Asks: 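Below you will find the structure I want to go over with you.
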Amino acid sequence: MSQHHILALYNNFEEAETAIAELRAADIKGFNFDDLTLKSPIEHHEVEEVLGNRPANVQWFTLGGALMGGLLGFFLISGAQANFYSQLKGGKPIVPLPPNFVLTYEMFILGGVFITVLGFLVCAGLPAKRSPLYSAKVSEDQVGILVKADAAAAPTLKGIFAKHQAIEIQEEAGK
Amino acid sequence: MGKDIREDISWAKINEDVLRSLESPRRLYWVILLVAMLAFSVGIGCEVYQYNVGMGVANLDNPHVWGLYIATFIFWIGMSHSGTLLSAILHLMHADWRKPIYRFAEAMTTFSLMTAGLFVMVHLGRLWQFYYSLPYPNERALWPNFQSPLLWDAMAIFTYLSSSVIFLFIGMIPDLAICRDHLHPGWRKKLYTLLALGWEGTDRQWRNFRITYLTVACFLIPLAVSVHSIVASDFAMSQQPGWHVTSFPPYFVAGALYSGCAAIVTLFIILRYVFKFEEYMTLPILKKTVRLTFAIAMVWTYLNAVEFAAVWYSHDQAAKDVLIQKATGPYAPFWWMMIFCGSVVPLTLAFKRFQTNIPVLFAVSLLLNLGMWLERWMIVAPTFSHGYYPWTWDHNQWPSLIQWGMVFGSFGWFALLFMVFCKVFPSVSMYEVKEMVYHRRLASESQAAAKGAH
Amino acid sequence: MIENNFNRRDFLKVLGWGGAAVTLSGCGFTSVQDGTETVVSYVEPTEYALPGIGVYFNSTCAQCDAGCSITGRVREGRALKLEGNAASSINRGKMCGLGQAGVQAHYNPDRLREPMFKGQPVAWDKALGLIDEKVKTLKGDDVAFLTGGMSGHVKVLFKNYMDALGSKNHYVYEAVSPSVVRAANKKAYGVEAPRLRLDKAKAVVSFGADFLGAWVSPVHFSQQYAQFRKGNRPEGRGVLVQIEPKMTLTGANADRWIPLRPGTDGVLALGIIHALAKNGLSVPADVAAAVKDYAPERVSQETGVSVEQIGKLAALLKTHTPSLVLAGDAAEGYQHGSQNAAAIALLNRVLGNVGKTIEAPANVPFPQIAAQGGNRAALQALNGKLASGKVQMLFVHGANPVYTAPLSLKFKENLNKATFKVVFAHYMDETALQADLVLPLDSALEDWATAVPEYLPEGAQLNVQQPLMEKLHAGTRGTGDILLALLKQRRANEYGKFDDFYAYLRNAVVSIKGALGGGGKDEDTFWAETLSEGLVKLPGSGGNLSSKASAAGLHFPAVVEDAAYPLRLIPSVTANMRDGRNANQPWLQESPDPLTTIVWDSWVEIHPKTAAKLGIVEGDIVEVASKSGSIKAQAYLFPGIHPDAVSVPLGYGHEAMGRYAKGVGANAFAMLDAVSDQETGELAMNETRVKIGKTGQRIIVIKEEGVAGGKQAGKKIAARLASDKVDLSKEV
Amino acid sequence: MSVSNLLENWSKVRHTHPVGDVPHEEYKWAMAIDLDACTGCNACSVACYAENNIAVVGKEKYAHGQAMHWMRIERYWDEDEREFPDQGAQFLPMMCQQCEAAPCETVCPVGATNHTADGLNSQVYNRCVGSRYCSANCPFKVRYFNWWDYPDQENAWPDEMKQQLNPDVTVRTKGVMEKCTFCVQRLTAAKNMARNEGRLVKDGEVQTACQQACPTNAISFGNLVDAESRVHKQWKQQQVELAEDAQAKDEYFTDLRGYRILEDLRAYPSVMYLERVRESAI
C-alpha cells in the first residue's frame, strides 16, 4: 500500500489545533495518529495536550553525560596525579582533593552540556534531510500539519483539513 | 518614552525586519568595522613585537610581573557574564523582555571569552609553548599542574566558551532555518542550510529543543558563576595581601555581571541604531536593562564596601597596607576613579528620566565599563607594588605602550568579531520575538475576555 | 688537588688545541650546527681536561693587592669560576666579590689584543724594537717608570731592567693606599704593615678603616671579624666601634658608628686618652702631659662627638683589653693625616695593645721579592719631574694616572712632555690613550708571576700566579715575558738562556728551594708541588714589636671653615670600584653598593639635614664643585654621613677603558685639591672642600633599594637583638 | 596514569609531603645565615652570578626593575628617626627560601616548579611557559623572570664572556622564570659521587657558591637530616623546627636568635636567619 504525505497549512494555531483534535478523535483507517507532525514557527506548549504523550528523552542524555564527565574528570586528573612523584607540590598531597573537585565540577558541566546537545540531535533527529513536504511559510507565520497515511485515507484527511480552513493543502505520493 | 514591541506586529514583518539587518546596515557599521580593524592591527603589531623581543617590552618587572594583560583578561571574562545572565537566568525566570536582546548578549559572551583567552596567551612569557598547560597525553606522562588556579581557569574558560558557543548555536537553529527559508540563494543560504541542520519546526524538534535549551541554560548559570569564581581564585587562592580575600568570588561575579550589563547597554544602543532595530530593541527593554544594571551596581558597591571593611577590621596588616596604598599611593587617581565610575556614576540610572535617555545612557555605560576595567587593574597592580616584602615594593611601574596597545587592540578584535557576527547572523531572535508577542497577545486577550465576562 | 707532576707547557699546548676548540660548546645556547666550533674527539682524553669534569688549579688573585690565593675551576680548557684557596693564610678559601669578578677581567671583550704604536697596530718585534731604539738614545735618568705596587719576580725583572737602563726613577704609585698610616706605623712600630689581630681583640675602635670593605686586605679582615664576633670564643663577642664622617661598610657593621667632624680623629684619640687617664688607666707621664688639654668638653666641641660618648668609649676600652685601634683612610686623608695616625698609634700604646693585637709581621727573607707598596706621593714627584721636562721616556705599568690624578696636578699635560711613553695595559684606558706605545698584557688568568703580599697576616707567603688556561688572544703577552724580552735587548748574556718568563721563573724559584722549605726535594717535585699548592709558605717569624709612639709634636690645627666651599668632600673607596681599575667588569657595576644600593652610576651622599637645607631631594642631579674642578652626579640622601660632608665614590667616570666603564658616573679623582699631608707629602684625599648646587635635572636613582627605603614595615625581616638579651656561648 | 594505580596507592598519594606526615629520609638541604657575621659585602651575590650564569642586565634594565640577582643583599635602617644610624645598618642576604610548602609550586599551571625529594624548590626551565604566577605568589619576591633574551642582549655576554658560562648550568632563554637553586648542580654532583661510593653526602662535602665565597662564614649550608651537619646543629640549637609556622621557643622569652622570615605564612622556609646582635654597652 503506497503512503501519501499531506501537508496542510493554517493561519493560526487555534485552527490547527481543532483540526488535530478532530484527526485524533476520528478513527481513520490507514492513518496512524503518531504519523502526524506539527510544524510551527514557534513552540506551542499546548501541543503536548493535543498531540498526546509524545516522549522527549534528552534529560537522560544529560544525566549520563554529566555523570560521565564528572567521573572522567576526577579519575583522569587523579590518575594522572598519582604518577606525580617527581612533580611534588610542597605541603600538598600528591592527589589533592579540593582542586580536583573544582575540575570535576567543570568536567561535570562540560560533559552535561556536550552530551545534552548530542542527545538533542539524536532525539530531535537532527541533522536531517528536509522532509518531502515543507513550506517555508512554517518558519514565518503559518502552522503546518504533516500527516503520513495510506493513499486510501488521503481524501478523508484532506476533507478534515479543509473543514478547518486550511489555507493550503499539499499532497505527495510517498515511496 | 518609546513604545514597546507591538503585540499585533505581523510575524512576517518580524522576519523581514530582522533579515534586513543581514543586508544593509547604516554607514556607521562600516565605520565601526574599519576602526575595529585598525585597532586590532595595532594589537597584532604589539604582540608580534613582544613575541620577538621578549616580555620586557611590556615594561613589567620583578616583582611586578603581572600587568594590564591580566587585568584586561578579567575584564573580558567579566563582560562575558551578562550574556548568560540574559539568556539563561532571565530565561529561567520567564522574563520575556530579554527575548529581543539576548542573542547579541550571548554573542557578546562568546566573543569576550575569546578575547579574554587571547590575553592569557599574550601574557605568557613563552607563548610558543602554551600547549604545556593543556592536559594532552604524551610519552613523558607529563601533565599540567591540576592544583593551579590558572589551570582551573583554562578548564573553566574552555567549558564556558564551548558551552556558550553551543548555547548560542542551539538557540539560533530556528532562526537559521528562517534565514535558510527566506534568503536569496547564495553562499549565505548554503551556510544557513548547513547550520540549520534541517530544522523544520516539527513538534518533535520543538519538544526536544525546549528541554535542551532549558538544560543547557541550567548548566550555564552555575558554570558562569564558577568561571568568575575561579578567576577570583587566581587571586583569592594566592597568599598575597589584597588578593587573599574570602569575599573575592562573589565580588568578582557581581563585578562581572555589572560590567556585562553596562556593555549590553552600550551595544544595545549601537545595534539599535546601526541595524535599525528601533522596533524590537525598544526603550522599555532598555529601561529594564538599565534598572537591572543599577541594581547590580549597588550589589557591587556593597560587596566593594564589604571587602574594604573586611580588610580594615582584620588584623592582616599587609592587606591593610595595600588598601591604604591603593587609596593614597601612586594608584590613587585610578582607584578613586574606579570608585567614582563604579559607584557614583550609576546613581544617574536611578532617575527615570535618564533610564531612557540614549545619549546619557551611552555615556554612562561607557563610564561604568571604564570603572570596571579600572577595578580589575586596581585588583592586580597594587598588590604587586606593595606586597608582603617591603624591600621589593615598587611604586614606579607603569605599563608600556605595548601593553596599552594590546588592550586597545582587544577592543578592536572584540568589535570586529561582534560586528561581523551581527551582520552574518540575526542578532535579534526572530522566533522568540514571535513567541513574545504571541504570548503577550494571548495574555491580553484572556485579560479582555475576563473583563468581558464580568 | 690533582697531582701536578707533569710538564705544564705540554698541558697548555694540549689545551690550546683542544681548549680553544671546545670553549664555545656546551654553554647551552650554542650548538654544533652553528659551525662555530670544531668538534674535538675525546677518544683519547688528556689527563687534565676531563670532558664534563671541572679540574682545579691554584693561582693568585690579581684584582687588588691583598694577594688572596685562588683556585680556578677549569672545564674543557676554560676557566669558569674562581674560588678561594683554603691553604692561604690570607683568605683561607674565601673570596670577595671583586675577586670573583676576576674571570671578567680575563674574558673581558674590551681587552687590548695587539701592540699599538701611535694608534696603529704593530707587531711585537717592531714594538720591542722601538723601545730598544729609543732607550739606546737616552741616558738612564731620562727614563722613568711609573708602576703600581709590586712584588715577586716581576718586580725583580723591573728592577733589573731599570738597572740595565741606568734609571733610578721608579715611582710606585697607588691612587688608593694606606700610605700615611704605613708611614705612621713605620714611625711607631718600625714596620709598615704590622699584623692586626682582630680575632684576639675584645674591642676594635676603628678611625675610618674600612677593613671589611676596601682597606688593605678585606677578605682576611672579614675572617678575623667573624672570629671577633663569635660569642663562643674565650674573649666573648667583640665590640666594634667605627668613628668616621662617612659610614663605610665597616661602619655599617659596627655596634656604634660615631660620625665625627672630618679630620678631628687625632683630637678624639687624644681626648680618649685623656678620659682613660681620668678613669684610672695608668698613662705615661709624657702622654698624660700631652693630652692634658684634651678634656672631653673641648674634644666634644671640636669633634662633634658627645661628652657622654667619649666617656663610653673610654669605659669600653678600659674594660675590653686587649683592644685594637685602627687608623684608616678617613683619618689619614688630611694635611695633618700623619698626626692623626700618630695620635691613634699613641692610643694603642696607652692601651697596651702593641704586642697583643698589633704584632710584628713576618720577615720576607728575600727583600728583592718583598712587596713594594705604592703611594700617592710618587705621582706628585713624577708629575713634578715630568713638568720640568726631565723625563724623556716613561714606562707605565699597573697604574692609570691620567684617570686617577687630580686635574689640579695637570698630569695629562705634563705627561705629554715626555717624548716616548710606553704603557703596559689590559684595556685602552685613559693613560693608554696618551701612550706612544701600548703593550697589551695577558690577563691574570693567563700569565705567570709570583707575589708577596704587603700585608702578611701570618708567616710570609710567596704566591704563585699561573695560567689557568691558554691565552684567549694570541697578541697579548705576559708582563714577565715582555720584561724578559726587554732585558735580553740589554743583557743578552744574562737572560739569553731563558726561553721565556716561565723558564726564568721556574729557575728562579727552584734555585732558592732550600730557603723556601723545599730543600729535600728534587727540583721537579718541588716545582710541581709549588704549582699545585699555588703558594709557598716561607719560614721565619717577625719577632716582637714594641711601640715607639710618642706624644711629642702632636699638634692639630683648628678646623678652618671656608664660606665659599662649606662642605668637605670625602671620596669614598667602595669595595666594588676601589680606584676604578676594575670598572670594566660588569658584575661589579651591577653589584649594588652595599650602603646606597646604587648600581651603574656615581652618586653624591648627602645627609638628609644638609639636603633639606639646600632643597635637594633624592635623584636631583647636583653639581659638586671644588676649587679644582667639579662633577655632576645624582644626589642620594644618606643618613650615614656627617652633615658637614658629602661623599662621592671613586672609580667611576671613566672616559675610556671599555663598554662597561666608559661614561658610567663621574670621576671624583679629578676634582681633588692638590693638598698634601705635611709629613709624608701624600695627597690628602679628604682635604677637598666643595659646594653643592642643584642643576635642575632630576632622575630616578637606579638602585636595589625599593620605595620602602630600608624600612621593614613592622615585619620581622632583618631582626636584631641587644647583646644582653642573647646567650651566644652555646652557639654552634 | 591508570586508575588502578590510583586506587592501589590511594593512601600513599594522600600523604602530605613533605611537611606533613612524611619526613625527609636522606636529604633535606637547608641553610642558616648568621646576620651577625654577614657584613653585606656582596661577595655571595657576585659568586652567584659567576656560578649560575646570571645575566648582567645593564643600567637601563636594572632601572626597570629587571635585574636578575638570585641573591640580593638588602640593607635596612633603624626606623626610630634618629639623626644618624649610629647602630649601623642591617644587611640581609635574600634568595629563594626553598620553602617546604612553597606558595609558588601549587600555582604553576604547567608544573614547572616542584618540590624535590631532597627538599628543594626546583625550577624546570624547559617546562616553564612564563605565566609568572609563581612570582606573583612568592612572599619574598625572589623569583626573577627573563624579560628579555639575555643571551642575545648586546652586552650581557659578549662572545668572549660566553666562554665563562658554567656548562653545568642552563643559560635561560627569554620568557622563563629563574631563581636560586641552592646550586643544585653541585648538589647533584656530590650526591652522585656519594651514591657511587654507597654512602650519603657528608657535611662540608658540598658548598653553595655563596657559602663558599662568604668571607665571614655567615652562610652555612647542609643536610638538615644529617645530625652531624653544622646546619642541623644550628637549627637544633636555635630550636627552629622546619614544619612549624610559629616556633615554640618564641612563645616565651628565650635568648636564642634563630628565626625564619614571614614564618606565619606557613611556607616553611628552609633558610634560618640568626638575628644580628648589637652591643648594648656602647
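Computed from a predicted model, the values in this text were never measured in an experiment. The chains referred to below are lettered A, B, ... by the order of the sequence lines, with proteins before strands, and numbering in each begins at 1.
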Asks: Strictly distance-based, threshold 3.5 Å: is any side-chain N or O of C/Gln223 a donor or acceptor partner for the main-chain N or O of D/Thr216?
Replies: no
Asks: If we only count heavy atoms from C-beta on, is the C/Glu83 to D/Gln207 side-chain gap below 4.5 Å?
Replies: no
Asks: Which bit of C/Ala718 comes within less than 4.5 Å of chain D, counting heavy atoms only: side chain, backbone, both or neither?
Replies: both
Asks: Treating C/Asn253 as the side-chain partner and D/Thr39 as the backbone partner, does any N or O pair qualify as donor plus acceptor under 3.5 Å?
Replies: yes
Asks: By a 4.5 Å heavy-atom criterion (distance strictly below it), what part of C/Ala713 contacts chain D: side chain, backbone, both, or neither?
Replies: backbone
Asks: Looking at side-chain heavy atoms only, is the closest gap between D/Leu262 and C/Lys715 below 4.5 Å?
Replies: yes
Asks: Please determine whether a side-chain nitrogen of the Lys or Arg among C/Arg720 and D/Asp78 lies less than 4.0 Å from a carboxylate oxygen of the Asp or Glu.
Replies: yes
Asks: Looking at chain C, which one of D/Leu274, D/Ile54, D/Leu92 has the largest number of heavy-atom pairs inside 4.5 Å, strictly under?
Replies: D/Leu92
Asks: Determine the minimum heavy-atom distance between C/Ala722 and D/Ser280, stating which atoms define it.
Replies: CB-CB, 4.2 Å
Asks: Which one, D/Ala67, D/Ala63, D/Ala50, leads in non-hydrogen pairs under 4.5 Å with chain C?
Replies: D/Ala50
Asks: Is D/Glu279 reaching over with its side chain to a backbone N or O of C/Val239, donor-acceptor style, under 3.5 angstrom?
Replies: no
Asks: Measure distances from C/Ile700 to the heavy atoms of chain D and classify the residue's part below 4.5 Å as side chain, backbone, both or neither.
Replies: neither
Asks: How close do D/Arg230 and C/Val732 get, counting heavy atoms only, and between which atoms?
Replies: NH1-O, 3.4 Å
Asks: Under 3.5 Å, side chain of C/His607 to main-chain N/O of D/Glu83, donor-acceptor pair present?
Replies: yes
Asks: Picking from D/His69, D/Gln212, D/Lys236, D/Arg260, which has the most non-hydrogen pairs under 4.5 angstrom with chain C?
Replies: D/Gln212
Asks: Side chain from CB out, backbone as N, CA, C, O: work out which of these in D/Ile261 comes under 4.5 Å of a heavy atom of chain C, or both, or neither.
Replies: both
Asks: If I measure from the heavy atoms of chain D, does C/Lys312 come under 4.5 Å with its side chain, its backbone, both, or neither?
Replies: both
Asks: Side chains of C/Ile717 and D/Gln90, heavy atoms from C-beta outward: is any pair under 4.5 Å?
Replies: no
Asks: Got a donor-acceptor contact below 3.5 angstrom from the D/Arg75 side chain to the C/Ala252 backbone?
Replies: no
Asks: Do side-chain atoms of C/Glu590 reach the backbone of D/Val57 as a donor and acceptor pair under 3.5 angstrom?
Replies: yes
Asks: Between C/Phe221 and chain D, which part of the residue has a heavy atom less than 4.5 Å away: side chain, backbone, both or neither?
Replies: neither
Asks: Using a 4.5 Å cut-off on heavy atoms from C-beta on, say whether the side chain of C/Leu472 contacts that of D/Gln163.
Replies: yes
Asks: Less than 4.5 Å to any heavy atom of chain D: does that hold for the side chain of C/Ile258, its backbone, both, or neither?
Replies: neither
Asks: Please report the interatomic distance CD(D/Gln234) to CD(C/Glu731), rounded to the nearest 0.5 Å.
Replies: 8.0 Å
Asks: Once side-chain hydrogen bond (donor to acceptor under 3.5 Å, both in side chains) is applied, do any residues pair with D/Glu275, and if so which ones, sequence neighbours excluded?
Replies: C/Lys716
Asks: Is there a donor-acceptor contact under 3.5 Å from the side chain of D/Glu74 to the main chain of C/Gly710?
Replies: no
Asks: Can you confirm whether C/Glu704 sits close enough to D/Ile73 that some side-chain heavy atom of one is under 4.5 Å from a side-chain heavy atom of the other?
Replies: no
Asks: Ignoring hydrogens, what is the shortest heavy-atom contact between D/Asp36 and C/Tyr225? Give both atom names and the distance.
Replies: O-OH, 3.9 Å
Asks: Could you tell me which portion of C/Leu595 (side chain, backbone, both or neither) has an atom closer than 4.5 angstrom to a non-hydrogen atom of chain D?
Replies: both
Asks: If you tally heavy-atom pairs under 4.5 Å against chain C, which of D/Cys41, D/Cys214, D/Ala37 wins?
Replies: D/Cys214
Asks: So, do D/Asn42 and C/Pro592 sit near enough that their side-chain heavy atoms are less than 4.5 Å apart?
Replies: yes
Asks: Checking the side chain of C/Tyr660 only, and the main-chain atoms of D/Asn155 only, is there a donor and an acceptor separated by less than 3.5 Å?
Replies: yes
Asks: Relative to chain D, which segment of C/Arg111 carries a heavy atom at a distance below 4.5 Å: side chain, backbone, both, or neither?
Replies: neither
Asks: If we ignore hydrogens and angles and just use 3.5 Å, is the side chain of D/Glu79 paired with the main-chain N or O of C/Gln712 as donor and acceptor?
Replies: yes
Asks: Is the shortest heavy-atom distance from the side chain of C/Gln104 to the side chain of D/Gln164 under 4.5 Å?
Replies: no
Asks: In the structure I gave you, are the side-chain heavy atoms of D/Glu154 and C/Arg659 within less than 4.5 Å of one another anywhere?
Replies: no
Asks: Quick one: list whatever passes side-chain hydrogen bond (donor to acceptor under 3.5 Å, both in side chains) with D/Tyr273, sequence neighbours left out.
Replies: D/Gln97
Asks: Could you tell me which non-hydrogen atom of C/Lys94 sits nearest to which non-hydrogen atom of D/Pro215, and how far apart they are?
Replies: CB-CA, 3.8 Å
Asks: What part of D/Cys38 lies closer than 4.5 angstrom to a heavy atom of chain C: side chain, backbone, both or neither?
Replies: backbone
Asks: Between the side chain of D/Tyr259 and the main-chain N/O of C/Ala719, is any donor-acceptor distance below 3.5 Å?
Replies: yes
